[in-house]
Structure formats: structure tokens, C-alpha cells
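Everything on this sheet refers to the single structure shown next.
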Amino acid sequence: MSQSIDARILTAVRAIPRGRVSTYGWIATLAGFPRQPRMVGYALRRADEVDLPWHRVVNAQGGISPRANAEWVRVQRQRLEQEGIRFDARGRIDLARFGWKGPSPRP
DNA sequence: AACCTGACTTGGC
DNA sequence: TGCCAAGCCAGGT
């Protein structure tokens, strides 16, 4: 296909439903790049798309990954809480409850 | 054109 | 539990 890696990753990110979260690893797999979660982070870092729900992507522990500008970490948590997502005392999300691994119907 | 740097995950001690 | 190495793309200097 002629789509760039970034484009495919961003497409997968856009599919995450509101009120749910996905991980770098899951998104990588959905985009067709299993075992390359770093690519997801890199793509998001470069992304400038305004409507992209980047805040719904968290790390495998259900936590928000640190980045250069710590300000965005706060923004991300705030946005997730607005969507009804709960954080535990350690600042982590219960992936078994809020995690979204793909378009397959959730039981 | 080489070199550096970033939103990660997993397996092995 | 925790630290380490490997896997590996793009854009900026």
C-alpha cells in the first residue's frame, strides 16, 4: 500500500472509541506493525492533526507516558477523566475495563 | 550524508 | 520487583 506508516497509525488512533483507551502496542498491531510500539509514539509526537484523539493512547501499564513537555501529560489525564475514565491511586487506568484492543465486538 | 533524538514493549537475569 | 538490551522510523542539525 502507498500509505505511510504514520498515516496508518493515525488512522488506528482515530478508531479508538470515546471513553476507552488503547496502548501503543495495541495500536501498533492494529496498524499492521506488531512489536513496534515505539513507532506509535513517534508518529503521535509528529502528528499535528487537531482532531486526533491522541489522549486515548496510554502505555502497557495503563499509565500516561512522560514526554518533554509535562504540560501535555496533565492535559491528557484531564481529557480522559472527562470521558469517564478512572485513574487509580498510582495514576493508572484499569485496561481490563477501559482498554480497547480493536474493532472486534467487546463481550 | 552522518548523527542524534523521540508518546514503548518484552524477555531475560 | 527491577534494571538492561534489543527492535527500528522520521525529521532536524
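Labels below follow one simple rule: chain letters A, B, ... track the order of the sequence lines, proteins then strands, and each chain is numbered from 1.
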What is the per-nucleotide protein-contact pattern of nucleotides 8-13 of chain C, from the 5' end, where B denotes a base atom under 4.0 Å from a protein heavy atom, S denotes such proximity for sugar-phosphate atoms only, and - denotes neither? SBSS--
Using the rule side-chain contact (heavy atoms from CB on, under 4.5 Å), only one of Val57(A), Leu95(A), Ile16(A) pairs with Val21(A); which is it? Leu95(A)
Salt bridge (Lys or Arg N to Asp or Glu O under 4.0 Å) pairs, two or more places apart, involving residues 28-47 of chain A: Asp6(A)-Arg46(A)
For residues 57-70 of chain A, pull every pair meeting salt bridge (Lys or Arg N to Asp or Glu O under 4.0 Å), keeping only residues two or more places apart or in separate chains. none
Taking side-chain contact (heavy atoms from CB on, under 4.5 Å) as the definition, give me every residue that meets it alongside Gln82(A), ordered by chain and number, with sequence neighbours left out. Gln78(A)
Sorted by chain and residue number, the side-chain contact (heavy atoms from CB on, under 4.5 Å) partners of Arg74(A) (sequence neighbours excluded) come out as Glu71(A)
Could you work out, with ring pair (Phe, Tyr, Trp, His ring centres under 6.0 Å) as the rule, every residue matching Trp54(A), not counting sequence neighbours? Trp72(A)
Sub-3.5 Å pairs of nitrogen or oxygen atoms, protein against nucleotides 11-13 of chain B:
none

Could you check how far [atom1] of [X] sits from [atom2] of [N], rounded to whole Å?
X         : N      : atom1 : atom2 : answer
Lys101(A) : dT9(B) : NZ    : P     : 13 Å
Ile9(A)   : dG6(B) : CD1   : P     : 19 Å
Asn69(A)  : dG6(B) : CG    : P     : 13 Å
Arg92(A)  : dC8(B) : CZ    : P     : 17 Å
Phe33(A)  : dC8(B) : CZ    : P     : 17 Å

Write out all pairs satisfying ring pair (Phe, Tyr, Trp, His ring centres under 6.0 Å) with one or both partners inside residues 28-49 of chain A, taking only residues at least two apart or from two chains. none
Okay, side chain of Arg8(A), backbone of Ala31(A): is any donor-acceptor separation there less than 3.5 Å? yes
Taking only Watson-Crick and G-U wobble pairs with both distances under 3.5 Å, what dot-bracket line describes DNA chain C, where [ ] shows pairs that cross earlier ones and | shows pairs with another strand? .||||||.|||||
Once side chain to side chain donor-acceptor pair (under 3.5 Å) is applied, what residue pairs with a partner in residues 21-30 of chain A remain, sequence neighbours excluded? none
For Val50(A), which fellow cluster members are found when Ile, Leu, Val, Met, Phe, Trp and Tyr are connected by side-chain heavy-atom distances below 4.5 angstrom, either directly or through intermediates? none
Give Trp54(A) one of three labels, base, sugar-phosphate or nothing, depending on what nucleic acid heavy atoms sit under 4.0 Å from its own. base
NA contact type, Ala68(A), heavy-atom cut-off 4.0 Å: base, sugar-phosphate, or nothing? sugar-phosphate
Go through the structure and list residues passing side chain to side chain donor-acceptor pair (under 3.5 Å) with Glu83(A), not counting sequence neighbours. His55(A), Arg56(A)
